[in-house]
Asker: 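Got a structure here, written out as structure tokens. Questions coming.
So that the names make sense, note that chain A is the first sequence line, chain B the second, and so on, each numbered from 1.
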Amino acid sequence: MADAPVFRLYNSMTRQVDAVEPLEDGHLRFYACGPTVYTYAHIGNFRSFLTADLINRTAQALGWETTFVSNVTDVGHLTQDDLVDPEGADKMAAALEREGQRFANIYDLARYYTGALLDDWHALNLQNPDVRPRATEHIAHQIKAVERLMERGHAYETDQGVYFSVETFPEYGKLSGNEAAEQLQATERETVQDPDKKDPRDFALWKKDPDHLMQWHSPWGWGFPGWHIECSAMSMAYLGEAFDLHTGGEDLAFPHHECEVAQNECLTGATSVRYWVHTRFLQVEGEKMSKSSGNFFTVRDLIEPPEDGGRGVDPLALRYTLMAGQYRKPFNFTKKTLSDSARIIRRYQDAAEQVEEALQADEEGPDHAADTLPDCYDATLAAMCDDLNTPKALATALEGVKFIQGLGRDLNGATARTAQQWLVDTNDLLGIIWHQGDAEAAATGENADLATKVNALLDERAAARESGDYDRADAIRDELDAMGIEVMDAPDGTTWKRKAVL
RNA sequence: GGUGACGUGGCCGAGUGGUUAGGCAGAGGCCUGCAAAGCCUUGUACGGCGGUUCGAAUCCGCCCGUCACCUCCA
């Protein structure tokens, strides 16, 4: 095997592609900002989580150990509504209000959407983080962090809350480039209106609010923590004061990560995170994804079976689509790309079946893949190491599939074993061939009634074909097509599958 | 106004000084009752204007356009 490639990623802090050198040799420790669980996560959220997953897989492919922490934000933080209505609800409280009697309380709502998040996470073949901390379970850590910031003179208390004092951290702005105080002042950006704030850039560490739906007791009375402090507290709790890498969506660079940098570095007196990786927003059909444009998709909108209101898309096809563009470039998510991806996923699965059959048959012969597939894998890994160049990695991997499919009778036992190894390695790296669990069955909704109906029609069609009544056979094909069933004849029999509704 | 990206053929998307991306769609062929899949062959390109260079899609400058963040947001 060739020398291992150097893993490089674009670092928002240095604004260049840097070689990733873990603090602890051969052990990457990183944190991925997770979502607020007040509704279903959408495909844009998952593009960001996918970036973390691919970093994890690439590091593992290089033989590194990884410690991957990704949080769940289940505290309702302030929303813009507070500007209009200072007594208004936070976004979780607003969701509870919106959903009426569906949930008994805010904690049930958070639990429900956390579960939905995990279902979608698994459906998309995202590896589980080693730790998935919840903000509500780390309030003590957050309070301690705020206390420490106060002790060190980086925070102060007012009648309404506790704030981080930005002027005590001169490097504030170094991540986002938003360094000019007057610019920040120019826009009305505080979600917390507090006349006692010393500097408009100062942000809340603790909000006093004895009426909030979620509240905890603190040295400053009843209330709830500021948004940014949870990630500082939880990342340090599981990764230590200094760790390697932190990911999130591009919108998080400012203010969330900027504030995190300030908190962390004031807490520890040193650089706490070396690499910041931000995933670009995606567009859908050329437009910003929004509910009003009708181009807003959650994962379950796409992968659930049609009878449950979904579109029956193979979750791996969705994953493949999200990988079709590099994480750092604008990406236009289209139904066309989704259906293209479904075909390619199918192709991988066909190749995997061919290999499986060849392993069973185990015919004698030389290994025809030994000179090709290992190199193909190395090239795929090299592409991933090059700032997660997924388009190139996918193109390279597809060459391997074409090679396997083109083997024909050369796919003997020895060749199949090499091919199988390539499939396993490629799947470990890209996660696009096999579902890690039973997500497929859940997603495509095995439907016994439907299967009975389809099989009856197929039996009738087989009889028609047998007797040469092709008009009848084609009529049955049309009938099945109208039911959303695609029929495929092959030398060893007829198979069918449900078509995606796009 | 500030900050950061991006503009490649019908579409999606690699490539960063001279040599192939790849996929989809299109065209022709093989195979198949038909269809699908697969295989073979095949065309179309680098936003605009200058500059550097023997040579630029690739480097530099300017312009045009698109997007994102600066306000909850992946």
Side-chain angles (χ1 to χ4, degrees), chain A residues 10 12 15 32-36 38-39 41-52 73 76-83 90-92 94 173 175-180 182-184 186-191 227 247-256 258 278-283 286-290 320-321 323-334 336-341 343-344 346-347 350-351 354 383 386 389-399 401-402 405-406 408 464-465 468-471 473-474 477-478 481 486-491 494-497:
Chain A
Y10 182 85
S12 304
R15 295 186 196 152
C33 268
T36 303
Y38 65 106
T39 185
H42 54 70
I43 56 176
N45 297 118
F46 277 95
R47 172 146 130 118
S48 167
F49 308 150
L50 179 62
T51 300
T73 296
H77 294 293
L78 297 172
T79 72
Q80 201 168 16
D81 295 342
D82 294 83
L83 287 172
D90 66 57
K91 61 188 172 187
M92 288 196 40
L175 176 63
S176 65
N178 290 325
E179 293 179 315
E182 62 275 14
Q183 284 301 333
L184 297 170
T187 55
E188 199 57 41
R189 56 173 288 277
E190 321 87 281
T191 50
W227 174 36
T247 69
E250 61 172 326
D251 57 312
L252 296 182
F254 190 90
H256 185 54
E258 192 73 72
H278 292 107
T279 301
R280 200 81 155 76
F281 274 15
L282 53 72
Q283 291 187 277
E287 290 179 63
K288 184 182 169 90
M289 182 166 71
S290 69
Y320 194 98
T321 298
M323 289 171 66
Q326 194 211 16
Y327 74 97
R328 178 159 84 77
K329 292 203 170 161
F331 178 68
N332 186 16
F333 183 97
T334 64
K336 179 68 167 52
T337 311
L338 198 51
S339 57
D340 289 352
S341 299
R343 271 177 105 157
I344 292 171
R346 177 116 198 130
R347 213 168 155 178
D350 287 347
Q354 286 172 26
D386 179 16
N389 189 338
T390 46
K392 190 172 182 181
L394 293 175
T396 306
L398 194 59
E399 295 293 319
V401 172
K402 291 176 81 164
Q405 291 193 313
R465 292 177 73 201
D469 185 359
Y470 293 118
D471 286 344
D474 289 346
R477 179 198 289 283
D478 290 343
D481 187 72
E486 185 176 353
V487 177
M488 294 152 293
D489 295 323
T494 297
T495 57
W496 61 277
K497 66 167 183 172

Asker: In the structure shown, which nucleotide is the Watson-Crick or G-U wobble counterpart of B:C62, with both distances under 3.5 Å?
Answerer: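 B:C62 is paired, partner B:G48.
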Asker: In the structure shown, which nucleotide is the Watson-Crick or G-U wobble counterpart of B:G4, with both distances under 3.5 Å?
Answerer: B:C67
Asker: Using the C1' atom in both, what is the distance from B:C6 to B:G47, to the nearest Å?
Answerer: 12 Å
Asker: Counting only side-chain N and O atoms of A:N389, is one of them less than 4.0 Å from OP1 or OP2 of B:G15?
Answerer: yes
Asker: Of A:T396 and A:E486, whose nearest nucleotide on RNA chain B comes first from the 5' end?
Answerer: A:T396
Asker: Atom CG of A:N332 and atom C1' of B:A5: how far apart are they, to the nearest Å?
Answerer: 16 Å
Asker: If you check every side-chain atom of A:K392, which of B:C73, B:A14, B:A36 has the closest atom?
Answerer: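 Taking heavy atoms from C-beta onward, the closest nucleotide is B:A14.
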Asker: Is the phosphate of B:A5 approached by A:Y10 (side-chain N or O, under 4.0 Å from OP1 or OP2)?
Answerer: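 Looking at the OP1 and OP2 atoms of B:A5, one of them is under 4.0 Å from a side-chain N or O of A:Y10.
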Asker: Describe the nucleic acid contact of A:Y320 in one word from base, sugar-phosphate, nothing, applying a heavy-atom distance below 4.0 Å.
Answerer: nothing
Asker: Does A:R15 put a side-chain nitrogen or oxygen below 4.0 Å from OP1 or OP2 of B:G4?
Answerer: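 Result: yes.
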Asker: Provide the distance between the two P atoms, one in B:C64 and one in B:G55, to the nearest whole Å.
Answerer: 29 Å
Asker: Whole angstroms only, please: what is the CG-P distance between A:L252 and B:C69?
Answerer: 11 Å
Asker: Would you mind telling me which of B:C12, B:G33, B:C73 lies closest to the side-chain atoms of A:T337?
Answerer: B:C12
Asker: Each nucleotide N or O in nucleotides 23-29 of chain B that has a protein N or O under 3.5 Å away: list the pair and distance.
Answerer:
unit_1 : atom_1 : unit_2 : atom_2 : d
B:G23  : OP1    : A:K402 : NZ     : 2.5
B:C24  : O3'    : A:R343 : NH1    : 3.3
B:C24  : O2'    : A:K336 : NZ     : 2.2
B:C24  : O2'    : A:D340 : OD1    : 3.1
B:A25  : OP1    : A:R343 : NH1    : 2.5

Asker: Which whole number of Å gives the distance between the P atom of B:C30 and that of B:C67?
Answerer: 48 Å
Asker: Taking the same atom, C1', in B:C49 and in B:C12, what whole-Å distance lies between them?
Answerer: 29 Å
Asker: Looking only at side-chain atoms of A:K329, point me to the closest of B:G33, B:G22, B:A14.
Answerer: B:A14
Asker: Check this one for me: any side-chain N or O of A:W496 less than 4.0 Å away from OP1 or OP2 of B:A36?
Answerer: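 No, no such contact exists.
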Asker: Quote, to the nearest angstrom, the P distance that separates B:A25 from B:A36.
Answerer: 10 Å
Asker: Check nucleotides 64-68 of chain B against the protein and report each pair of N or O atoms closer than 3.5 Å, with its distance, or say if there are none.
Answerer:
unit_1 : atom_1 : unit_2 : atom_2 : d
B:C67  : O2     : A:R280 : NH2    : 3.0
B:A68  : O2'    : A:E250 : OE1    : 2.9
B:A68  : O2'    : A:E250 : OE2    : 3.2

Asker: Taking only residues two or more places apart in sequence, or in another chain, which ones meet A:K329 in a side chain to side chain contact (heavy atoms under 4.5 Å, CB included)?
Answerer: A:Q326
Asker: Work out how far the C1' atom of B:G43 is from that of B:G28, and round it to whole angstrom.
Answerer: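 After rounding to an integer number of Å, I get 12 Å for this pair.
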Asker: Which nucleotide in the set B:A74, B:G33, B:C72 lies at the smallest distance from any side-chain heavy atom of A:N45?
Answerer: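 Among B:A74, B:G33, B:C72, the one nearest the side chain of A:N45 is B:A74.
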Asker: If you compare all heavy atoms of A:R280 against all heavy atoms of A:R47, which two are closest, and at what distance to 0.1 Å?
Answerer: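 It is O-NE, 3.1 Å.
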Asker: Tell me yes or no: between the side chains of A:T247 and A:T51, is some donor less than 3.5 Å from an acceptor?
Answerer: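 On atom types as modelled, these side chains do not qualify, holding no pair under 3.5 Å.
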